[in-house]
Amino acid sequence: MTPFFDLLEARARETGSLLCVGLDPPESLGGAGEARAACFGWIDATAPSACAFKVNSAFFEIYGAEGWEALRRVIQHVPPEIPVILDAKRGDIASTARAYARAGFESLGAGAMTVSPYLGSDSWLPFLENPEKAIFLLCKTSNPGADEFQTLPLASGEPLYLHLARECLSKASGGAVGLVVGATDPDALAQVRTALPKVWILAPGVGAQGGDLERAVAAGLREDGLGILVPISRALASASDPRAEAQRLAEAIHSAGTAAQASPRRDGLAAELVQTGCVALGEFRLRTGETSPIYLDLRRLASHPRTLARAAAAYVPILNSLEFDRLAGLPYAGLPIATAVALRTGVPMIYPRREVKDYGTRASVEGEYHPGERVVL
């Protein structure tokens, strides 16, 4: 059996679509049989344009045993070349997590599940024991209440959701892990994409929740034009012609991706640098005597911890491509930036002194280092 993300990438490349068709049968249908029949119709109509299907288990569980059987049959009805995500948002530990995994993957036949990681790694690692299956961890969700906890800043200045994303991916050890990041927060999408350039992102929230399709795709797209799934459910369920609407949405997502690849990614950091005065526009005389319409004053970053954390995150993909032993912050603007990068990456830092003291250790370089080490300035 093909591993989930291999199947997903193959489907995306074959169809050119990043549309994830959501199957959320409304309670007004009245029963498990009606929900099953409605989903069968939506699957048959939208399959040609679908990169994946996402089935919400809650709208079947309300019908008890009959609903569970209907859910299983709906997943089976999806053509085998199209991946299926079970949107169940499970999250528990030890044997309970394994039971949830067996229910979703073995009993129902889903290829991936949405899982909450906020109980810790023992609440989601059991879902990775089958190498053919995958999970999408809730990272920055699309609901209005998400900011109550998920955006809380840590001591490093970065938000909780971003720390969680990086920690979870580091613990996955090559496991099949994607992230749920709402299309309602393009800045969060861009931050996650910058920190984790290869991960697949499920980005709900376009449509009824107010997420902007073009901004979400531009923020979450990988460099290869893949890496983001855009789930749409209500717009398709209410359409008079779901087949035509699915084709239109798939084309709109594709066009947004094409436009994003044709222009540089704008992840909000540039705007923050201007807003905080770290980038000033006007007429400035430089040390060389020349005049410039732009002035960079990154010393101001120390007064804006959130922007400093985002600037540090922007360095990480560049540093990941280099081989070195230590960071070196150059006084004075480089000191807070290098410190923030060191806190984010765990790489040790040193810094040269502009004036050597004539007392104490009289060191010209502060911090621990050894001859022959390679340093990034």
Side-chain angles (χ1 to χ4, degrees), residues 1-23 39-40 42-57 71-90 97-115 117 124-139 168-169 171-181 193 196-204 220-233 246-247 250 253-254 257:
M1 190 172 178
T2 306
F4 177 84
F5 282 115
D6 289 350
L7 183 65
L8 181 63
E9 296 231 2
R11 179 67 181 176
R13 294 185 189 282
E14 176 189 356
T15 61
S17 172
L18 295 173
L19 171 65
C20 179
V21 175
L23 300 175
C39 288
F40 277 16
W42 294 328
I43 292 169
D44 293 341
T46 62
S49 301
C51 182
F53 283 95
K54 181 176 72 69
V55 192
N56 193 317
S57 65
L71 176 57
R72 186 184 67 83
R73 292 184 61 184
V74 164
I75 292 174
Q76 286 185 333
H77 193 74
V78 175
E81 68 273 13
I82 306 179
V84 178
I85 303 165
L86 180 64
D87 191 3
K89 300 180 178 68
R90 302 303 189 204
R98 288 186 175 86
Y100 277 135
R102 290 191 61 189
F105 296 144
E106 297 178 22
S107 298
L108 295 173
M113 292 177 64
T114 55
V115 177
W124 56 268
L125 283 173
F127 288 84
L128 298 179
E129 292 176 358
N130 185 337
E132 296 172 352
K133 305 298 183 178
I135 56 175
F136 284 88
L137 294 175
L138 305 183
C139 175
C168 287
L169 267 292
K171 291 179 180 178
S173 300
V177 177
L179 297 171
V180 177
V181 183
R193 175 53 70 214
L196 301 163
K198 296 181 180 180
V199 71
W200 272 92
I201 295 174
L202 184 67
L221 202 68
R222 287 191 325 213
E223 288 186 357
D224 63 357
L226 303 179
I228 185 170
L229 279 176
V230 182
I232 306 288
S233 54
Q247 183 176 353
I253 296 169
H254 181 77

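Along the sequence shown, residues carry numbers from 1.
- Looking at Arg72, its side chain never comes within 3.5 Å of a backbone N or O of Ile75 through a donor-acceptor pair.
- Residues Ile82 and Val78 come closest through the heavy atom pair O-CG1, 3.7 Å.
- Between Arg11 and Cys51, the shortest heavy-atom distance links the atoms CG-O, 3.1 Å.
- Between Leu229 and Leu8 the shortest side-chain heavy-atom distance falls below 4.5 Å.
- Within the 4.5 Å cutoff, side-chain heavy atoms of Phe136 are placed close to those of Ile85.
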* To do: Mind running side-chain contact (heavy atoms from CB on, under 4.5 Å) on Val180 and Cys139 for me, showing each step along the way?
  => CA-CA 5 Å; Val180 177; Cys139 175; 5.6 Å; no

CA sep, side-chain torsions, deciding dist, call: Leu128, Val177, side-chain contact (heavy atoms from CB on, under 4.5 Å)
CA-CA 8 Å; Leu128 298 179; Val177 177; 3.7 Å; yes

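- Proximity of Cys20 to Phe53: side-chain heavy atoms (C-beta onward) are nowhere separated by under 4.5 Å.
- Here the side chains of His77 and Asp44 are in contact, with some heavy-atom distance below 4.5 Å.
- When all heavy atoms of Gly104 and Leu86 are compared, the pair lying nearest together is CA-CD2, 3.9 Å.
- The heavy-atom pair separating Ala47 from Pro79 by the smallest distance is CB-CG, 4.4 Å.
- The pair Lys198-Glu223 does not meet the salt-bridge criterion, since no charged nitrogen lies less than 4.0 angstrom from a carboxylate oxygen.
- You'll find the side chain of His254 stays beyond 4.5 Å of the side chain of Leu18, heavy atoms only.
- Side-chain atoms of Leu202 and Pro231, non-hydrogen and from C-beta on, do get closer than 4.5 Å to each other.
- Remark: side-chain polar atoms of Lys54 are not paired, donor with acceptor, to backbone N or O of Ile232 under 3.5 angstrom.
- Here the closest heavy-atom approach between residue Gly220 and residue Ile201 is recorded as O-CD1, 4.4 Å.
- Leu169 has its side chain within reach of Leu179: a pair of non-hydrogen atoms, C-beta onward, lies under 4.5 Å apart.
- Between the side chain of Ser233 and the backbone N or O of Leu23, no donor-acceptor pair lies under 3.5 Å.
- Taking the six-membered ring for Trp and the full ring otherwise, the centers of Phe127 and Phe4 sit at least 6.0 Å from each other.
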**Report entry** From CA spacing to verdict: side-chain contact (heavy atoms from CB on, under 4.5 Å), Arg222, Trp200
**Finding:** CA-CA 8 Å; Arg222 287 191 325 213; Trp200 272 92; 3.4 Å; yes

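- Two residues are said to be in side-chain contact when any heavy atoms from C-beta on lie closer than 4.5 Å; Leu19 and Thr46 fail this criterion.
- One N or O on the side chain of Arg193 and one on the backbone of Pro197 form a donor-acceptor pair closer than 3.5 Å.
- When every heavy atom of Leu226 is checked against every heavy atom of Asp224, the shortest pair comes out as N-OD1, 3.0 Å.
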